[in-house]
Amino acid sequence: MQTQPYVIDEPANSIFRVNRETMTADEVLGREWDAVFGHNWLYIGHESELAQPGEYRRRTVGGRPLFFVRGRDDEVRAFHNTCPHRGAVICRQDEGVTNVFQCFYHAWSFDTQGALVGLPDEEGYGPNFDRAERALKPVARLAQYRGFCFINFDAEAVDLVTYLAGAREYLDLVADQSLAGRMTIVRGVQRYSMRANWKLLVENSLDGYHALPTHQTYFNYLDGVNGHAPAGSANGGVPGMPAVGARGGVSLGNGHAVVDGSAPWGRPVARWAPTLGADAREETEQIRADLIARYGEEWGRRIAETDRNLLIYPNLIINDIMAITVRTFTPVRPDYMEVTAWELAPAEESGPRLARRLRNFLEFLGPGGFATPDDVEALESCQLGFSAGGVQWNDLSRGINRRARGNDELQMRAFWRQWNAQMTGTPRNDWSDGAGDYRPAAAASAKDSRP
Amino acid sequence: MTTGAQSDTGAALRVSREAVEDFLFHEAELLDEWRLDDWLALFTDDATYVVPGTDNPNGDPTQALVLIDDDRERLYWRVERLKSRHAHREYPWSRTRRLISNVRVTGATADAITVRASFIVYRFRNGNADPFIGQYRYTLVPADGSFKIKARRAELDLETLSPNGAVSMIL
């Protein structure tokens, strides 16, 4: 039974504390399945993954086995992965293309739009048997924003665009990297786990404060390869050009948040650094020029020069840094999560340019990179530390009295404020600390605001 | 150690499996003992080290997302990282034990041989025992009476890195 609050939030007193029980207690996870995963928009995949009619992907979303498929009518749908007859899993492969999903147990068959199209010995059922009532069960809602597909188990949920609030601007900055207008998930997926609560990965993905201490070996590598390049400088390797529009930590509404900054690594689109290779310099600078020509100075330079660690509440991370990783994670137990990560790239990239992006991704990102393994260690270490007892509260007050910087903790507070609101049934409409924080124009879409 | 390698006038190399096994067992010992500089010295200057994703053991790192795709320079930095006290998932170092089996020489040219072998790498740390199971594919070139590694791929049979969490040591 809960005797202490989940969160103590007193900006006027510079206090923001999170109860460690939120990350250890079975009862908390039991409530999260409904209060958090039952009513928010959850990422299921990217539209580019379903390139042709009949193409499908199997996914676990919010702890539930689902699959999503492009129907013969070209519509993308998500289904609960269970036979409406007696329960067996219908889609039993991670990916593929098919005309029909047949349950192996009793051979009921469904088309790519979910309709029951065949079953053995149908006469055995009574005269009132209705195939339409036994169709595959679609997830209550599916919607997409610029290729990012989300589902919602709540039929009454607010529409996706409203839900995304200020995060749309940052999704646009990602999506606009393709001058051909088409971003795509590169083949391949990284699937791993952490012996840690899922919310620790939310925090870690938005945590600028840990970067230097935890990832020292990565920065040593960058310094080693970059030589005299401007490691740690604000202009991120573009000589004489300070990064435009880097806003630090920003609450984007509805629990979404971003770290908007600049760093010493290379960005394939489009900030050259020596780790990208000398032969890539000219092409990378050309891409940057093309982006500016297409979108104008401000928006083009923001795409090219600034990095984004973006949280779409509750559990989608899009880190647009030395490459773009799209990462989602789902709790298994309070102290265990499973993580799935993909790489997003402009569809027009191929050959050496794609190879360069893939290579650059791996220098930092993923369970074999120079950084992610140490994040896994850090999160598992926190989870282990929670069991030590003696300390009940985590401190996330950093930067609460100033306009948040990228290495402050406003991003995490925005997440926790929404989480706490949903878990306690006390809705709120402001997730910032106070008047000092940067605020995105509430209703304006990025499309409207960009030059 | 002798490889039994012969390369006369462009004919394909002929090597004994025993010589290849000796080399692989030696390499495994260096890794289990964390003698990483000695291990790095086994590689040619143009060497590659690849760990494909668990979703696609055949993955080509120039076309698909994988777990590790190092050239010789990045492999050097991987070793430097692991030798420092700041590769936190490997400080202190985990205990590992590599069992290498089913070794076969699968091809030979005048300059190099290809080898496949099965592996189980057990990793122990912080009370956890995490097995990594899969297959190595090597391209080896004769050098100094033994071999050097020109290409090394560790293809995992695991469906996911769960509960392993990461490939933090050399696989």
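Every chain is numbered from 1, with letters handed out A, B, ... down the list of sequences.
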Does any heavy atom of chain A fall under 4.5 Å from the side chain of Asp60(B), the backbone, both, or neither of them? neither
Where on Pro61(B) is there a heavy atom nearer than 4.5 Å to chain A: the side chain, the backbone, both, or neither? backbone
Using a 4.5 Å heavy-atom cutoff, which residues in residues 33-46 of chain B come close to chain A? none
What I'd like to find out is whether the side chain of Tyr221(A) reaches to under 4.5 Å of the side chain of Arg81(B), using heavy atoms alone. no
Sub-4.5 Å side-chain heavy-atom contact between Arg89(B) and Val376(A): yes
Can you tell me how far the OH atom of Tyr192(A) sits from the CG atom of Asn164(B), to the nearest 0.5 Å? 13.5 Å
Select all residues of residues 377-387 of chain A having any heavy atom within less than 4.5 Å of some heavy atom of chain B, and report them by number, or 'none'. Glu377(A), Glu380(A)
Side chain, backbone, both or neither: which part of Thr275(A) has a non-hydrogen atom closer than 4.5 Å to chain B? neither
Where on Pro213(A) is there a heavy atom nearer than 4.5 Å to chain B: the side chain, the backbone, both, or neither? backbone
Which one, Asp94(A), Thr372(A), Val225(A), leads in non-hydrogen pairs under 4.5 Å with chain B? Val225(A)
Please rank Ser84(B), Pro52(B), Ala87(B) by heavy-atom pairs under 4.5 Å with chain A and give me the top one. Ala87(B)
Under a 4.5 Å cutoff for heavy-atom pairs, which residue among Glu159(B), Arg125(B), Glu80(B) has the most contacts with chain A? Arg125(B)
Distance in Å, Thr217(A) OG1 paired with Trp77(B) CH2, rounded so as to fall on 0.5 Å steps: 10.0 Å
First locate atom OG1 of Thr340(A), then atom CG of Asp55(B), and finally report the distance between them rounded to the nearest 0.5 Å. 10.5 Å
Asn56(B) (side chain) donor-acceptor with Gly188(A) (main chain) under 3.5 angstrom: no
Is any NZ, NE, NH1 or NH2 atom of the basic residue among Asp70(B) and Arg359(A) found under 4.0 Å from an Asp or Glu carboxylate oxygen of the other? no
Minimum heavy-atom distance Asp130(B)-Arg195(A), with the two atoms named: OD1-NH2, 2.9 Å
With only heavy atoms counted, which part of Val186(A) is less than 4.5 Å from chain B, the side chain, the backbone, both or neither? side chain
From Leu362(A) atom CG to Leu65(B) atom CG, the distance as rounded to the nearest 0.5 Å: 6.0 Å
Check whether Phe370(A) gets within reach of chain B through its side chain, its backbone, both or neither, counting any heavy atom under 4.5 Å. both
If we define contacts as heavy-atom pairs under 4.5 Å, which of Val339(A), Thr214(A), Asn220(A) has the most with chain B? Thr214(A)
Under a 4.5 Å heavy-atom cut-off, does chain B meet the side chain of Glu338(A), its backbone, both or neither? side chain
Has the side chain of Gln190(A) got a donor or acceptor atom that lies under 3.5 Å from a matching backbone atom of Val66(B)? yes
I need the contact set between residues 90-108 of chain B and chain A: heavy-atom distance under 4.5 Å, sorted by residue number. none
Sequence neighbours left out, what passes side chain to side chain donor-acceptor pair (under 3.5 Å) with His46(A)? Give chain and number order. Ser48(A)
Tyr336(A) and Ser162(B) side chains, donor-acceptor separation under 3.5 Å: yes
CZ/Arg333(A): more than 12 non-hydrogen atoms of other groups inside 6.0 Å: yes
Heavy-atom check, side chain of Val167(B) versus side chain of Pro373(A), under 4.5 Å: no
Between the CG atom in Asp69(B) and the CG atom in Leu358(A), the distance rounded to the nearest 0.5 Å is 8.0 Å
Nearest-0.5 Å distance, CD of residue Glu363(A) to CD1 of residue Ile68(B): 14.0 Å
